[in-house]
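Keep in mind that the numbers below use all heavy atoms, side chains included, and drop hydrogens, waters and symmetry copies. Residue indices begin at 1 and follow the sequence shown.
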Amino acid sequence: MTFATKSPWVIHYDASSCNGCDIEVLAALCPGYDVERFGIVNTGNPKHADIFLVTGSVNERNIEVVKEIYNQMVEPKVVIACGICACSAGIFHDCYNVIGGVDQAIPVDVYAPGCAVRPEAIIDAVVQGLGILEEKSKALQAQKKGA
Ligand code: SF4
């Protein structure tokens with residue numbers, strides 16, 4: 001994580017999962033894997049978050065919530081789809097009210113497949129997300145200078 005210039009804060013939302021991936025997200029945050037040692041902090045406030053971790057598929061009810069959380073986050077921001085349900089709806093693909101993966105609602109930067117997604121894959125996705133966050137931050141700064 002040599003490119004990380006700040007401690008990223010993450011917000012987690014369970015769109016519509018079996019909770020398997022949510023347990024793995026919590027495992028990544030808890031002392032066993034302890035992502036907080038890298039300065040990664042879990043927040044409940046979208047306005048404080050740099051990275052949006054979404055588990056589960058998007059359906060008719062939660063799509064507006066996913067969009068609302070995303071829209072409340074300040075640029076630059078990164079979205080990570082955690083688990084195959086968040087990537088492409090997974091086993092819920094054919095359910096009557098399921099729209100699809102998270103990218104049906106908002107732009108996704110990193111896909112972390114798995115059923116359930118392993119904590120190592122979540123941590124790897126966050127590290128990838130940090131690189132993307134840095135690129136977006138530089139692009140934003142360049143845009144401001146050019147304006
Ligand atoms: S990917 Fe598997 S473990 Fe994760 S929410 Fe979907 S069904 Fe559950």
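Using modelled atom types, one finds a donor on one side chain and an acceptor on the other under 3.5 Å when comparing Asp103 with Tyr111. A donor-acceptor pair shorter than 3.5 Å cannot be found between the side chains of His12 and Asn42. At a cut-off of 3.5 Å, with distance as the only test, no side-chain donor of Asn62 or Ser16 sits close to an acceptor on the other residue.
For the pair Lys77 and Tyr70, the cation-pi test (distance below 6.0 Å, angle within 45°) is passed.
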Quiz prompt | Verdict with supporting geometry, Phe52 and Val10, side chain to side chain contact (heavy atoms under 4.5 Å, CB included) | solution = CA-CA 6 Å; Phe52 188 11; Val10 302; over 6 Å; no
Practice problem: May I have the step-by-step check of side chain to side chain contact (heavy atoms under 4.5 Å, CB included) for Val78 and Ile80, ending in yes or no? | Solution: CA-CA 7 Å; Val78 162; Ile80 300 174; 4.2 Å; yes
Practice problem: Apply side chain to side chain contact (heavy atoms under 4.5 Å, CB included) to the pair Ile122 and Val25, showing each step before the final yes or no. | Solution: CA-CA 7 Å; Ile122 297 168; Val25 169; 3.8 Å; yes
Quiz item: Are Leu26 and Asp22 close enough, and set up right, to give a side chain to side chain contact (heavy atoms under 4.5 Å, CB included), and what steps lead you there?
Solution: CA-CA 6 Å; Leu26 289 177; Asp22 304 306; 5.7 Å; no
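Sorted by first then second residue, the salt bridge (Lys or Arg N to Asp or Glu O under 4.0 Å) pairs that include residues 46-59, not counting sequence neighbours, are Lys6-Asp50. Among residues at least two apart or in separate chains, side-chain hydrogen bond (donor to acceptor under 3.5 Å, both in side chains) pairs with a member in residues 28-39 are Tyr33-Glu120. Applying the salt bridge (Lys or Arg N to Asp or Glu O under 4.0 Å) test to pairs two or more places apart or on separate chains, none has a residue in residues 9-18.
Using the six-membered ring where Trp is involved, His48 and Trp9 have ring planes that are perpendicular, over 60° apart on the 30 and 60° scheme.
Hydrophobic clustering (side-chain heavy atoms under 4.5 Å, transitive across Ile, Leu, Val, Met, Phe, Trp, Tyr) keeps Phe92 apart from Ile84. Val54 and Ile11 fall within the same hydrophobic cluster, where Ile, Leu, Val, Met, Phe, Trp and Tyr residues are linked whenever their side-chain heavy atoms come under 4.5 Å apart, directly or through other members.
For Ala105, the side-chain contact (heavy atoms from CB on, under 4.5 Å) test picks out Val58, Ile63, Val66, Lys67, with sequence neighbours left out. Residues meeting the salt bridge (charged side-chain N to carboxylate O under 4.0 Å, His left out) test with Asp109, sequence neighbours left out: Lys136. Under the salt bridge (charged side-chain N to carboxylate O under 4.0 Å, His left out) criterion, Lys138 pairs with no residue at all, not counting sequence neighbours.
For the residue pair Cys87 and Ala81, the shortest heavy atom distance occurs at SG-O, 3.9 Å. Between Thr43 and Ala49 the shortest heavy-atom distance is CG2-CB, 3.9 Å.
A donor-acceptor pair is defined here as one N or O able to donate and one able to accept, closer than 3.5 Å; no such pair exists between the side chain of Asn97 and the backbone of Asn59.
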